[in-house]
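One structure is given below, encoded as structure tokens.
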Amino acid sequence: MTATLMNGTALAARIRAEVAVEARELGSAGLATILVGDDPASEIYIARKHAAATEVGIQTRDVRLPASTPEDEVVALIEELNADDSIDGMLVQLPLPKGMDEVRVTHAVDPIKDVDGFHPVNAGNLYLGTPLHIPATAWGCMELLAEYGVEVGGADAVVIGRSEIVGKPMAILLLAANATVTICHSRTKDLAEHTRRADIVVAAVGRPWLVTPDMVKPGAAVVDVGINRTEHGLRGDVDPAVAEVAGYLTPVPGGVGPMTIALLLRSTLRAARYRRGLLAFRGN
Ligand code: NAD
């Protein structure tokens with residue numbers, strides 16, 4: 001068997017085209033990003049987010065601060081952007097420099113503008129089944145599964161990784177879509193025992209080619225969130241040879257990565273609608 005590759009580049013392009021139409025209808029929408037320090041991967045992600053936002057007609061503000069910026073100053077800047085009427089959505093690129101309190105900084109973002117969905121108001125609403133802002137990577141994985149007609153309701157799903165950014169929201173979205181969800185992590189005793197039973201595997205770990213063909217049930221849908229820069233180049237968390245066993249697989253690159261950016265743009269429009277009273281934001 002050779003898996004159908006779930007083409008995130010193509011679906012993301014379609015979503016961006018939809019967002020472009022909606023952005024025109026709305027008139028204007030603004031996205032601000034804050035990058036503290038000079039992490040090279042973060043710089044690439046920020047550049048991609050700005051290019052994509054600009055292409056769909058979202059105004060952007062690219063705030064860069066040196067790694068040495070005091071935490072109070074970062075928070076004060078976020079508060080300024082919270083009060084700035086031209087900014088609909090805002091994100092703080094993670095990871096923050098060592099020593100900076102990620103919780104304090106991400107919680108400073110006004111929940112209505114929190115397009116990453118990391119603020120407790122948004123995380124809590126996702127948990128409660130009343131989502132407002134949904135973390136873009138997990139949302140993108142769900143959209144890919146839907147696009148390829150992968151049946152989520154009643155499926156056995158295994159999420160590998162329990163980060164606040166990907167693993168946890170992924171598990172909650174799968175549960176909301178009626179999957180039977182298992183969350184595996186660094187302390188899971190026998191990972192393969194879990195993954196072999198799964199109809200859907202989402203790998204969000206950060207370990208190159210952790211998921212091997214023997215760990216996958218024939219015909220399963222495998223979503224690879226991992227982006228690992230190795231001496232051999234960019235590698236996902238899933239060995240590409242899994243394509244010989246799986247029914248569906250996201251490639252790396254060209255799978256989840258472009259989806260994350262497309263859904264971030266969709267979230268920015270959602271923030272603009274919340275702020276204009278076109279959609280109810282029951283979060284404050
Ligand atoms: P993280 O380091 O915060 O979390 C990793 C998780 O993996 C942890 O919960 C840990 O318990 C688990 N883990 C570690 N080793 C394990 C093992 N051997 N077996 C099972 N579980 C194990 O990482 P993250 O922020 O969730 O990111 C995960 C990966 O996804 C990274 O490669 C990251 O670059 C990538 N990522 C991609 C996108 C995208 O848009 N495609 C977005 C965010 C993150």
Side-chain angles (χ1 to χ4, degrees), residues 5-9 11-12 15-16 33 35 39-49 51-53 91-96 98 102-103 106 115-118 123 134-145 157-174 181-198 201-212 214-216 222-230 232-240 249-267:
L5 290 182
M6 295 190 271
N7 187 338
T9 304
L11 178 54
I15 293 172
R16 290 199 306 274
T33 66
L35 174 59
D39 177 69
S42 292
E43 283 182 352
I44 295 170
Y45 297 142
I46 286 288
R48 288 195 187 141
K49 288 170 187 177
L91 67 88
V92 181
Q93 186 69 37
L94 301 179
L96 287 168
K98 268 206 183 66
E102 232 160 63
V103 170
T106 52
V115 284
D116 268 342
F118 297 158
I134 303 169
T137 303
W139 194 6
C141 295
M142 294 302 290
E143 292 285 314
L144 271 171
L145 292 171
V158 166
V159 179
I160 318 173
R162 58 175 162 182
S163 72
E164 316 300 337
I165 297 174
V166 190
K168 271 190 207 170
M170 189 70 232
I172 292 171
L173 288 175
L174 286 164
V181 182
T182 303
I183 305 174
C184 295
H185 48 78
S186 52
R187 301 288 295 273
T188 296
K189 271 190 251 158
D190 187 347
L191 179 63
E193 186 203 339
H194 293 284
T195 56
R196 265 187 221 119
R197 284 204 304 261
V201 176
V202 181
V205 185
R207 300 267 182 284
W209 293 7
L210 174 81
V211 178
T212 46
D214 58 301
M215 294 169 68
V216 174
V222 180
V223 179
D224 187 354
V225 180
I227 299 176
N228 307 295
R229 288 175 175 80
T230 75
H232 313 287
L234 199 67
R235 290 196 165 173
D237 289 345
V238 178
D239 183 341
L249 176 64
T250 59
V252 174
V256 176
M259 293 297 291
T260 297
I261 293 179
L263 274 304
L264 166 69
L265 302 178
R266 190 184 269 173
S267 288

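All figures in this text were calculated on a predicted structure; none of them were measured in a lab. Atoms within each ligand, like the ligands themselves, are counted from 1 in listed order.
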Please check: side-chain N/O of E102 versus main-chain N/O of P95, any donor-acceptor pairing under 3.5 Å?
no
Has the side chain of D239 got a donor or acceptor atom that lies under 3.5 Å from a matching backbone atom of V211?
no
Consider only side-chain N and O atoms of T212 and D214, and report whether a donor and an acceptor are under 3.5 Å apart.
yes
side-chain contact (heavy atoms from CB on, under 4.5 Å) with T182: which residues, sequence neighbours excluded?
V158, C184, H194
Residues which pass side chain to side chain donor-acceptor pair (under 3.5 Å) with D116, listed by chain and number, not counting sequence neighbours
none
Checking E193 now: which residues fulfil side chain to side chain donor-acceptor pair (under 3.5 Å) with it, not counting sequence neighbours?
none
Collect the protein residues that have a non-hydrogen atom under 4.0 Å from ligand 1 and hand them over in chain and number order.
T137, I160, G161, R162, S163, V166, H185, S186, A204, V205, G206, R207, V225, G226, I227, N228, V256, G257, T260
